[in-house]
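Have a look at the structure below before the remarks.
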Number of protein chains: 2
Amino acid sequence: MPTSKDVAAAAGVSQSTVSYVMSGKRPISEKTRKRVEAAMEKLTYQPNAGARALASRRTRVIGLVIPFIPELHMSSIMEFIAVIAATARQLDHDILLVTDDEGAAGLQRVVGQQLCDGLILMQVEGVDNRIPVVRSLGVPVVLIGIPQQTTGLNCVDADFEQAGALCITDLADAGHRSICIVNWQTSVVERHVNYVQRFHEGVRSAALDRKVQIVTVAGNNDRAGMAAAVDEGLAGLAGAPAFVCPDAGIQELLLDTLRIRGLTPGTDVSVIGGCSAAVAERQIIPLSTIDLQPATVSRRAVQILCAILAGQLQQDHECVELISPVIVHRDSTIKRPDVP
Amino acid sequence: MPTSKDVAAAAGVSQSTVSYVMSGKRPISEKTRKRVEAAMEKLTYQPNAGARALASRRTRVIGLVIPFIPELHMSSIMEFIAVIAATARQLDHDILLVTDDEGAAGLQRVVGQQLCDGLILMQVEGVDNRIPVVRSLGVPVVLIGIPQQTTGLNCVDADFEQAGALCITDLADAGHRSICIVNWQTSVVERHVNYVQRFHEGVRSAALDRKVQIVTVAGNNDRAGMAAAVDEGLAGLAGAPAFVCPDAGIQELLLDTLRIRGLTPGTDVSVIGGCSAAVAERQIIPLSTIDLQPATVSRRAVQILCAILAGQLQQDHECVELISPVIVHRDSTIKRPDVP
DNA sequence: TTGAAAGCGTTACCAC
DNA sequence: GTGGTAACGCTTTCAA
């Protein structure tokens, strides 16, 4: 495996010149640059990451802390990861996986061993025990999700409040006067208090605004529980029924439950489910979806982190970015019902 | 950030002693070990990964090449990743993500820059353009999936042949005399020729053995296509209908299509879908599943790679490991139909 | 059982 | 515009 020394020898220059050709940190004459580049090419030189990290105190690696929460729709996590990895590469960084079961110690480990220059935490909760550790880490961190206390932190997330409002206005525009919200599964509600509340806040204020009646029922991931929830919802609704179900993990079950009651989603009943664009593409049942723009959220997280690392943002940068969601109408969905 | 030098000073020993305490590569008296460990503790010392990699020519990082194929069920990929990352940590390694859209060049990059000691490739196809590159990489690689030519390669995968056979014997035991196989989606069939064939081979020989009639129909991920396939299947079946659908990406659609025809899976029709244990846990529709044991496959991949890296296996180790699948019966599934 | 010192392959400072 | 060289923090050989 050739080293920069070999390149230098082949090009007839010093090792430092090779380094400067790569970094561009000082002017190099066109002539020598060509020679060096030719030598690198010929030797298929690749700089040694370890040596580079040691000397420059920069690994060009980002630690990505991935959650492992069963209730979470895995496919959406995967989408986050894919976009984060791709964006990182665009910005000349790599991604080191940190599984959440290592807990806060895992964060300290990868930072302490200087395996990475900064961290992205996925699925940050309102009260998250990793936050205090994050603050003391001494490296830039970007959170996906908004904790209760955000001072000194960089956070990005979907704008759930706006998402809630969008669902209501969309259905209101379709003529619905009363709407049933199927809440997230209880286990999720207990865990991620935060965005659930934000969503409901958006629903509440939009409903007030549009003079729409809201019936909120508990989300369930078992047939019996969902059946009860749907019945409760149907009983409370006036006019053509409309459902909003932001939890991707129980959407299929909701749709199935509605179908069993003879209600065809998109014809007899309006349904807005919350799922990502990628999932929506392959959605089997026609329904409108709240696209929370996970790709944009992921991309922003990486961009912010890399900007801080590049010194384009102050080291102690602090922000809360909320990405606007979009309602995607699928064909044959929201067949505007004839409501008096 | 303290270095091993600081630890050495604090413990009143030389730097090499600190190193040997960590690696255990030479005997250290109980007394000095204690002193060193105490010093490490007090200073919260963590060895610098870059320096360690530079000196030892070992990064203790494994490159994981993840696919990005829309047809693939993302959730199952996520399961692989989670298990791989967890297993790697158990064996004292970390995982660097390599997205497949970097292609073969990506492999050369991470190996060339010595960002990792070895690679795991997910979703390896029968004819895979990354294979030639893999052979020339000079680091150990483990493939998840079985390419056509396996000489000199380490491969792990689910035993699809056995899976196919299992589905047939299971349904035959339930009394079915003719069974419809809903094939993988066309896009998948075209791509991953390999395991699809292996599955069908298992089906074929088991059917022969059990004197069961097989009707194979194309898999489709659109309603119309699936409807046609199901009708074709039903037309060809004698007695109580039974379906086998190994493609997790179209199972929901199949079930839905059956339901529309008035057939309740688990009551009027037997269905075996192929999906992972984790997905089965949360399966909304009761059906039996072929558990291809992705967790075991993932774990083995890491174990093999780490064994090679640790020198426990020859550097040029070569193997093909097939993990046995399991049929998981869900409650109320395979209600043994009354077949004459 | 332990220590000293020579690398490992970069980067970046100091000269020229 | 370019070269020499001292770090960077660890591992490992050679000596003791």
Side-chain angles (χ1 to χ4, degrees), chain A residues 1-37 39-40 43-61 92 110-117 309-311, chain B residues 1-37 39-40 43-61 92 110-117 309-311:
Chain A
M1 208 138 269
T3 70
S4 69
K5 201 173 190 169
D6 301 326
V7 174
V13 299
S14 78
Q15 215 173 347
S16 53
T17 299
V18 174
S19 175
Y20 285 118
V21 165
M22 299 196 298
S23 69
K25 288 191 183 173
R26 85 177 179 192
I28 301 281
S29 76
E30 198 52 31
K31 205 178 75 190
T32 50
R33 159 178 294 119
K34 289 284 181 225
R35 278 227 309 291
V36 170
E37 279 166 352
M40 300 211 287
L43 300 176
T44 64
Y45 167 73
Q46 307 219 217
N48 178 301
R52 175 173 275 194
L54 183 57
S56 67
R57 322 186 126 278
R58 276 261 122 94
T59 61
R60 309 203 69 79
V61 169
D92 198 26
V110 292
V111 171
Q113 298 189 160
Q114 284 159 84
L115 277 161
C116 58
D117 301 332
L309 290 175
Chain B
M1 208 140 270
T3 72
S4 68
K5 201 174 192 167
D6 300 326
V7 175
V13 298
S14 78
Q15 213 175 348
S16 53
T17 299
V18 175
S19 176
Y20 284 118
V21 165
M22 298 196 298
S23 67
K25 286 190 184 175
R26 85 177 180 192
I28 301 282
S29 76
E30 198 53 31
K31 205 178 79 192
T32 51
R33 159 177 296 116
K34 290 283 182 228
R35 278 226 310 289
V36 171
E37 280 167 351
M40 300 211 290
L43 301 177
T44 64
Y45 167 72
Q46 306 219 216
N48 178 301
R52 173 173 278 194
L54 183 57
S56 67
R57 324 185 123 276
R58 277 261 121 94
T59 61
R60 308 204 69 79
V61 169
D92 199 26
V110 292
V111 171
Q113 298 190 156
Q114 285 158 83
L115 276 161
C116 58
D117 301 333
L309 290 174

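Side chains included, hydrogens not; waters and symmetry mates left out as well; all remaining heavy atoms used. Throughout, protein chains are lettered first and strands after them, A, B, ... in sequence-line order, and every chain is numbered starting at 1. Quick caveat, the model's predicted, so the values are computed rather than measured.
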Which value, rounded to the nearest 0.5 Å, describes the distance between [X] atom [atom1] and [Y] atom [atom2]?
X	Y	atom1	atom2	answer
A:Gln114	B:Gln46	CD	CD	9.0 Å
A:Arg26	A:Tyr20	CZ	OH	5.0 Å
B:Met40	B:Arg35	CE	CZ	13.0 Å

field: Sub-4.5 Å side-chain heavy-atom contact between B:Tyr45 and B:Glu37
entry: no
- prompt: Taking the side chain as C-beta and beyond, is there a heavy-atom pair between A:Arg52 and A:Met22 under 4.5 Å?
  reply: yes
I need the [atom1]-[atom2] distance between [X] and [N], as an integer number of Å.
X	N	atom1	atom2	answer
A:Lys5	D:dT5	NZ	C1'	12 Å
A:Gln15	D:dG1	CD	P	21 Å
A:Gln114	D:dC8	CD	P	12 Å
B:Arg26	D:dT13	CZ	P	11 Å
A:Tyr20	D:dG4	OH	C1'	11 Å

I'd like to know if the side chain of [X] reaches the main chain of [Y], judged simply by a donor and an acceptor atom lying under 3.5 Å from each other, with no hydrogens or angles considered.
X	Y	result
A:Asn48	B:Gln113	no
B:Asp117	B:Arg58	no
B:Arg60	B:Asp92	yes

List the atom pairs, donor and acceptor, that lie under 3.5 Å between side-chain atoms in residues 3-14 of chain A and the rest of the protein, sequence neighbours left out.
unit_1, atom_1, unit_2, atom_2, d
A:Thr3, OG1, A:Lys5, N, 3.2
A:Thr3, OG1, A:Asp6, N, 3.4
A:Ser4, OG, A:Gln15, NE2, 3.0
A:Asp6, OD2, A:Thr3, N, 2.8
A:Ser14, OG, A:Ser16, N, 3.4
A:Ser14, OG, A:Ser16, OG, 2.9
A:Ser14, OG, A:Thr17, N, 3.4
A:Ser14, OG, A:Thr17, OG1, 3.3

Would you mind classifying the nucleic acid contact of [X] as base, sugar-phosphate or nothing, using non-hydrogen atoms under 4.0 angstrom?
X	answer
A:Ser16	base
B:Thr32	sugar-phosphate
A:Gln46	sugar-phosphate
B:Ser19	base
B:Val18	nothing

query: Between the side-chain atoms of A:Arg52 and the base atoms of D:dG9, is any donor-acceptor pair under 3.5 Å?
result: no
query: Would you say the side chain of B:Arg57 and the base of D:dT11 hold a donor-acceptor pair, judged only by whether the two atoms sit under 3.5 Å apart?
result: no
- prompt: Contact boundaries of DNA chain C with chain B (under 4.0 Å, heavy atoms), 5' to 3'?
  reply: C:dT1 to C:dG9
query: Considering the terminal five base pairs at each end of the helix from C:dT1-D:dA16 to C:dC16-D:dG1, what angle separates the two local helix axes, rounded to 10°?
result: 40°
message: Nearest to the side chain of B:Leu54, heavy atoms from C-beta on, is which of D:dG9, D:dT2, D:dT12?
response: D:dG9
field: Among D:dT5, D:dC8, D:dT2, the nucleotide that comes nearest once only the side chain of A:Ala55 is considered
entry: D:dC8
Closest-nucleotide ordering on DNA chain C, the 5'-leading residue of A:Met22 and B:Ser14: B:Ser14
statement: B:Leu115 and A:Val61 have their tightest heavy-atom pair at CD2-CG2, 4.4 Å
message: Please confirm whether the shortest side-chain N or O distance from B:Tyr45 to OP1 or OP2 of D:dC10 is below 4.0 Å.
response: yes
query: Think B:Ser4 has a side-chain N or O under 4.0 angstrom from the OP1 or OP2 of D:dG9?
result: no
